[in-house]
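One structure below.
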Number of protein chains: 2
Amino acid sequence: MHNWPKESAKKSMKLTTKGRFAVTAMIDVALFNHGEPVTLAEISARQKISLSYLEQLFGKLRRHGLVDSVRGPGGGYNLAKAPGTISVSDIILAVDEPIDTTSCGGEKNCHDDSICLTHHLWASLNAHIFTYLQGVSLQSLVDDAKARKNPSLHVVQDLRKTGTRAVPIAA
Amino acid sequence: MHNWPKESAKKSMKLTTKGRFAVTAMIDVALFNHGEPVTLAEISARQKISLSYLEQLFGKLRRHGLVDSVRGPGGGYNLAKAPGTISVSDIILAVDEPIDTTSCGGEKNCHDDSICLTHHLWASLNAHIFTYLQGVSLQSLVDDAKARKNPSLHVVQDLRKTGTRAVPIAA
DNA sequence: GTATTTCCGAGTAATTTAGTCAAGTTAAAG
DNA sequence: CTTTAACTTGACTAAATTACTCGGAAATAC
């Protein structure tokens, strides 16, 4: 018998390239935000992410309170909180619009005793993934990036071919 | 600075409903395999998975050495190994045909010092997920199912709406 | 007012998944 | 040896989802 971790899952999170782009962009903001707001055009050039797409992503990041925007010339984005207080799970949940599901990933047929065969398994996996991403702060990613020998920070993995699609993840 | 777990990842695994159907079907085989092979028609009826789809799934499970097939009248499928030696990751890798990627999810632009900003993060997450699923045996899922009050085992979660798509997972 | 930059929502193309279908092959039963 | 249940295979399709683009509106500095 497997010892299931407690499943505190409520929402389901998805892991897509969108989330990965968002994390990369947030690292970029954290790295280059020295007083002046960072513009999306800069991020686009450095990280090779299209401006249009960044606009879409940062709209969600802003609405979820992860960045503050400054409009007009000289504007751009600042982190809304200290990077140590922003977790990867925060970023992914912001851009991937998790569906607020009920237990069992929003499905029926899975309550009381007639619980589905794999309910615990997936719920527990979701919880594991979420807990892991929650434990990684933007600060730690920034520190990791700064520690690299070559601080050019220009070349970034092209996420688009890495394998994409989502997974329901406990939140 | 985040303390990255060692990334032993080689292949990338996907988490889809296909993998979940496969796990459910394998539990069904383990539960009802008492001497006689279990037919796909039975599994289809019990777990509400289309016969055609099961054929597709079991073809892969058989080619990956997880089940043995018995043809002809009275035929069906048996587990090829003891359920304690089959892990959930084995099942998912069998049906989801993981691409054997190089480091960094098969991408260029991510080697030596010009390593991408989030390489460690995703590789490590992949390793976490894989390790977790590797640690869950079919036996534990069977024990869990048997422990339920209502052993009818007919009603299973309809995976099709749960949220699907894949994630690259370290293997 | 004009340049810059964010803001917003609709729309679309490509990819991927999930599942079907049809035409076999195999082997046991009688 | 004929029937028949069951597995085998691969091509095919439809739906869903993702990953974007596009056009313009609003705000702010100069």
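Chain A is the first sequence line, chain B the second, and so forth, proteins listed ahead of strands; every chain is numbered from 1.
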Report the residues that fulfil salt bridge (charged side-chain N to carboxylate O under 4.0 Å, His left out) with Glu55(B), sequence neighbours left out, ordered by chain and then residue number.
none

Of the listed nucleotides (dC7(D), dA19(D), dT9(D)), which one gets closest to any side-chain atom of Thr17(A)?
dA19(D)

Pair Asp143(B), Ser140(B) - check side chain to side chain donor-acceptor pair (under 3.5 Å), show working.
CA-CA 5 Å; Asp143(B) 290 344; Ser140(B) 70; over 6 Å; no

Quick check on DNA chain D: between Gly74(A) and Gln56(A), whose nearest nucleotide comes earlier from the 5' end?
Gln56(A)

Expressed in angstrom and rounded to an integer, what is the separation of Tyr53(B) atom OH from dT13(D) atom P?
18 Å

Whether Arg62(A) engages the ring of Tyr77(A) as a cation-pi pair (distance to the six-membered ring centre under 6.0 angstrom, angle to the ring normal within 45°) should be assessed.
no

Just N and O in the side chain of Ser50(B): are any of them under 4.0 Å from OP1 or OP2 of dT20(C)?
yes

Nearest whole angstrom, please: distance from the P of dT28(D) to the OH of Tyr77(A).
13 Å

Residue pair Ser50(A) / Ser52(A), side-chain donor-acceptor N/O under 3.5 Å
no

Determine whether a donor-acceptor pair (N or O, by modelled atom type, separation under 3.5 Å) exists between the side chain of Ser44(B) and the backbone of Ile49(B).
yes

Establish whether Phe32(B) and Phe21(B) are linked, either directly or via other cluster members, by ILVMFWY side-chain heavy-atom contacts under 4.5 Å.
yes

What is the distance, rounded to the nearest whole Å, between atom CG of Leu57(B) and atom P of dT9(D)?
14 Å

Atom-to-atom span, CG of Leu40(A) to P of dC7(C) - whole angstrom:
8 Å

Would one find a side-chain N or O of Arg62(B) under 4.0 angstrom from OP1 or OP2 of dT9(D)?
yes

Could you give the CG-to-P distance, from Leu51(B) to dT8(D), as a whole number of Å?
12 Å

Here the distance between atom P of dA29(D) and atom CD of Glu36(A), to the nearest Å, is 12 Å

Rounded to whole Å, CG of Leu54(A) lies from C1' of dC8(C) at a distance of 16 Å

Lys18(A) side chain near Lys60(A) side chain, heavy-atom distance below 4.5 Å:
yes

May I ask you to verify if any side-chain N or O of Arg63(A) is less than 4.0 angstrom from the OP1 or OP2 atom of dC8(C)?
yes

Can you tell me the distance, in whole Å, between the NZ atom of Lys60(B) and the C1' atom of dC7(D)?
17 Å

Whether Thr16(A) contacts dT17(D) is assessed here as follows: a side-chain N or O lying under 4.0 Å from the phosphate OP1 or OP2. Is that the case?
no

Would you mind classifying the nucleic acid contact of Ser52(B) as base, sugar-phosphate or nothing, using non-hydrogen atoms under 4.0 angstrom?
base

Report yes if at least one side-chain N or O of Ser69(A) is closer than 4.0 Å to OP1 or OP2 of dT5(C); otherwise report no.
no

So if I define the base as every atom that isn't primed, P, OP1 or OP2, how would nucleotides 23-30 of chain C read as a B/S/- string at a heavy-atom cutoff under 4.0 Å?
--BSBB--

